[in-house]
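Notes for the one structure printed next.
Worth saying up front: this structure is predicted, and the values here are computed from it rather than measured.
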Amino acid sequence: MSELTSTMMTKAKLGNAVRWFGKEIYLSCTTWSGPDSVRAQNARLRNVDIFLILLAIALPWSTSVTGILGIVVAFCILPNARVELLLTNLKRPASMLPLALLLLAAIGTTWAEGVSWHERLTGVGKMAKFLLLPLLLVHYQSSHRAKWIFAAFVASSVVLLVHSFLVSAFPALAITTRLDQPGIPVKNYIDQSQGFVLIAIALAALAVETAARLKYYSAALLATTSCAFLANLVFVNVARTAFVYAPLMFVLLMVRYLSRTKVLLGLVGLGLVCGGLWSASPNLQRKVSAIFTEASAYQPDAPIGEKPPSVALRLEFWRKSLNFFETAPLLGHGTGSIRSLFERDAVGRTGLSALVVANPHNQTLAAAVQWGVLGLIAVWAMWIAHVQLFRGSELVASIGMLATLQNIASSMFNSHLSDFYEGWLYVLAVGIAGGELLRIRQGAQAQSGPVQNLLPKVEPNR
């Protein structure tokens, strides 16, 4: 009898929840004024956050689902955003410059001679995600759920982390099997490394902040999870670009939490740890030694073996891209022109110089080739604006700065604003962290009190 009563109560609660959720959806879609307008407004804000949670969950796994949800989020934010707040934010360089970059890509289609419209529109499509960045900055000045999105992304990545360890031991479990990329269940090792490094270092910062609250069990859990991500990078698979941006991100963390005198000791300790990990990890030894081997063997007409040398490829792509830039330095060759330029240059060539690509593996060169000096200025002005936005002692500012610094550093060896996963990771991190930061600072100014943060912060350089 008690089991029957319990079942009936559970069904009643579930029914009430479904009816409540249905009414909230109805209000959010139909109510814009009247006594229920505040409730409808809150429901619309919550709907955006729900879709963003789903987007954060999908990002490590699926490009198509991420793209669809990104469009849904944009259409959900636009009718809900306050016009005066939207206009005010568009005056901020952090919001204006991503849109300027997208506009430049759209206008650049007009002077792309000898390039199909498919290639031109593909080039614009790669930058279209930056339309969402200023919308996120606006939305998270009203929403208090930025932590939910971060938690959803971390949780999804933890599942990917476990899957990665399993795939490294049992390759048949991979969703997409790549013999040259062990431990990569989906996407590729560059994407996986980008997300894992950002999460690992962000969780390390959260662990320090949590320990400052004397919540040692929570801090230990955060630190353990951070170490698990780092262990995967060290012993399973890692992108060699991470050898550049990961140390920079760790240095940023040390500058935040250590005094000036202790930063030097921290750098020495970081060097010793890196040396120890390198000696213990065949994965790192193979990755590092390959850099020097491939670079020393670079010749433009060198034959390509079974496995193309990525370092030599980049050197050749950069050499050609600089030549393309020199021929059209002011406005470039137009949006989507990179592949056609490489095709024309490859005629009659052999080896590395005969390869045709649509990505020079350097974001600055990708912009310079397509849009000349204007593109170069647009990209770097946006990065600088976001660095300026995240200057501050708040924890969320540090997380935003980590994401920005990572993208800048990794874009020296890849086109990580144009690339799907890294570009979306940048848009979400900067947009959500930036909006949360602006909300915190505006609240502090209104109250004339200390800035509140996601967690109580440790005073840096103390």
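Once rounded to the nearest 0.5 Å, the distance linking CG of Leu97 with CG of Leu103 reads 12.0 Å. Once rounded to the nearest 0.5 Å, the distance linking CG of Leu102 with CZ of Phe130 reads 9.0 Å. Between the CD1 atom of Ile432 and the OH atom of Tyr140 there is a distance of 4.5 Å, given to the nearest 0.5 Å. Taking CG from Asp419 and CG from Leu425, the interatomic distance works out to 12.0 Å, rounded to the nearest 0.5 Å. The OG1 atom of Thr63 lies 9.5 Å from the CD1 atom of Ile68; values are rounded to the nearest 0.5 Å. Note that CG of Leu52 is 7.0 Å distant from CG of Leu132, once rounded to the nearest 0.5 Å.
Residues Leu214 and Tyr216 form a side-chain contact, since some pair of their non-hydrogen atoms from C-beta on lies under 4.5 Å apart. Two residues are said to be in side-chain contact when any heavy atoms from C-beta on lie closer than 4.5 Å; Pro98 and Tyr426 fail this criterion. You'll find the side chain of Val73 stays beyond 4.5 Å of the side chain of His139, heavy atoms only. A 4.5 Å side-chain heavy-atom check between Leu248 and Leu252 finds every atom pair outside the cut-off. Residues Phe390 and Val430 form a side-chain contact, since some pair of their non-hydrogen atoms from C-beta on lies under 4.5 Å apart. In this structure the side chain of Val357 never reaches within 4.5 angstrom of the side chain of Leu313, judged on heavy atoms. You'll find the side chain of Lys187 stays beyond 4.5 Å of the side chain of Leu160, heavy atoms only. With a 4.5 Å cut-off on side-chain heavy atoms, Leu136 and Ile77 count as touching.
Minimum heavy-atom separation, Phe420 to Gly67: CZ-N, 4.0 Å. Residues Gln141 and Asn89 approach most closely at NE2-OD1, 2.6 Å, considering heavy atoms. Heavy-atom minimum distance, Ser218 versus Thr210: CB-CG2, 3.7 Å. Heavy atoms only, all atoms of each residue included: Val369 and Ser337 are closest at O-OG, 4.3 Å. Closest non-hydrogen pair, Gly434 versus Leu389, comes out as CA-CD2, 3.9 Å. Heavy-atom minimum distance, Ala367 versus Val379: CB-CG2, 3.7 Å.
When the options Gln370, Lys129, Gln363, Lys126 are evaluated for a side chain to side chain donor-acceptor pair (under 3.5 Å) with Ser418, the one that passes is Gln363. When each of Ile201, Val197, Val158 is checked for a side chain to side chain contact (heavy atoms under 4.5 Å, CB included) with Phe229, only Val158 meets the rule.
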Test side-chain contact (heavy atoms from CB on, under 4.5 Å) applied to Met249 and Leu198, step by step: CA-CA 9 Å; Met249 295 165 75; Leu198 180 60; 4.0 Å; yes
Test side-chain contact (heavy atoms from CB on, under 4.5 Å) applied to Phe196 and Val238, step by step: CA-CA 9 Å; Phe196 281 11; Val238 63; over 6 Å; no
Stepwise side-chain contact (heavy atoms from CB on, under 4.5 Å) check, Val208 with Leu253: CA-CA 10 Å; Val208 175; Leu253 213 62; over 6 Å; no
Show, in sequence, the C-alpha distance, side-chain angles and deciding distance for Asn47 and Cys76, and conclude whether the side-chain contact (heavy atoms from CB on, under 4.5 Å) test is met. CA-CA 8 Å; Asn47 292 342; Cys76 286; 5.6 Å; no
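The environment of Phe165 atom CZ is dense: over 12 non-hydrogen atoms of other residues, nucleotides or ligands sit within 6.0 angstrom.
A donor-acceptor contact shorter than 3.5 Å links the side chain of Thr225 to the backbone of Leu221. Looking at Thr66, its side chain does come within 3.5 Å of a backbone N or O of Ser62 through a donor-acceptor pair. Side-chain atoms of Trp318 come within 3.5 Å of backbone N or O of His361 as a donor-acceptor pair. Side-chain atoms of Ser164 come within 3.5 Å of backbone N or O of Gly183 as a donor-acceptor pair. In this structure, Arg256 contributes its side chain and Ser393 its backbone to a donor-acceptor pair below 3.5 Å. A donor-acceptor pair under 3.5 Å is absent between the side-chain atoms of Thr109 and the main chain of Thr335, judged by distance alone.
For Lys147 and Glu436, the salt-bridge test fails: no basic side-chain N is under 4.0 Å from an acidic carboxylate O.
Residue pairs meeting the ring pair (Phe, Tyr, Trp, His ring centres under 6.0 Å) criterion with at least one member in residues 61-86: none, sequence neighbours excluded.
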Using a 3.5 Å cut-off and no angle test, enumerate the donor-acceptor pairs between side-chain atoms of residues 410-417 and protein atoms at least two apart in sequence or in another chain.
{"from": "Ser410", "atom 1": "OG", "to": "Gln194", "atom 2": "NE2", "distance (Å)": "3.2"}
{"from": "Ser410", "atom 1": "OG", "to": "Gln406", "atom 2": "O", "distance (Å)": "3.0"}
{"from": "Ser410", "atom 1": "OG", "to": "Asn407", "atom 2": "O", "distance (Å)": "3.3"}
{"from": "Ser410", "atom 1": "OG", "to": "His416", "atom 2": "ND1", "distance (Å)": "2.8"}
{"from": "Ser411", "atom 1": "OG", "to": "Asn407", "atom 2": "O", "distance (Å)": "2.7"}
{"from": "Asn414", "atom 1": "OD1", "to": "Arg314", "atom 2": "NH2", "distance (Å)": "2.8"}
{"from": "Asn414", "atom 1": "ND2", "to": "Thr241", "atom 2": "OG1", "distance (Å)": "3.2"}
{"from": "Ser415", "atom 1": "OG", "to": "Asn359", "atom 2": "OD1", "distance (Å)": "2.6"}

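Checking Thr404 against Trp383 by side-chain atom types alone, no donor-acceptor pair falls below 3.5 Å.
Take Trp424 and apply the side chain to side chain donor-acceptor pair (under 3.5 Å) test, not counting sequence neighbours, and it matches no residue.
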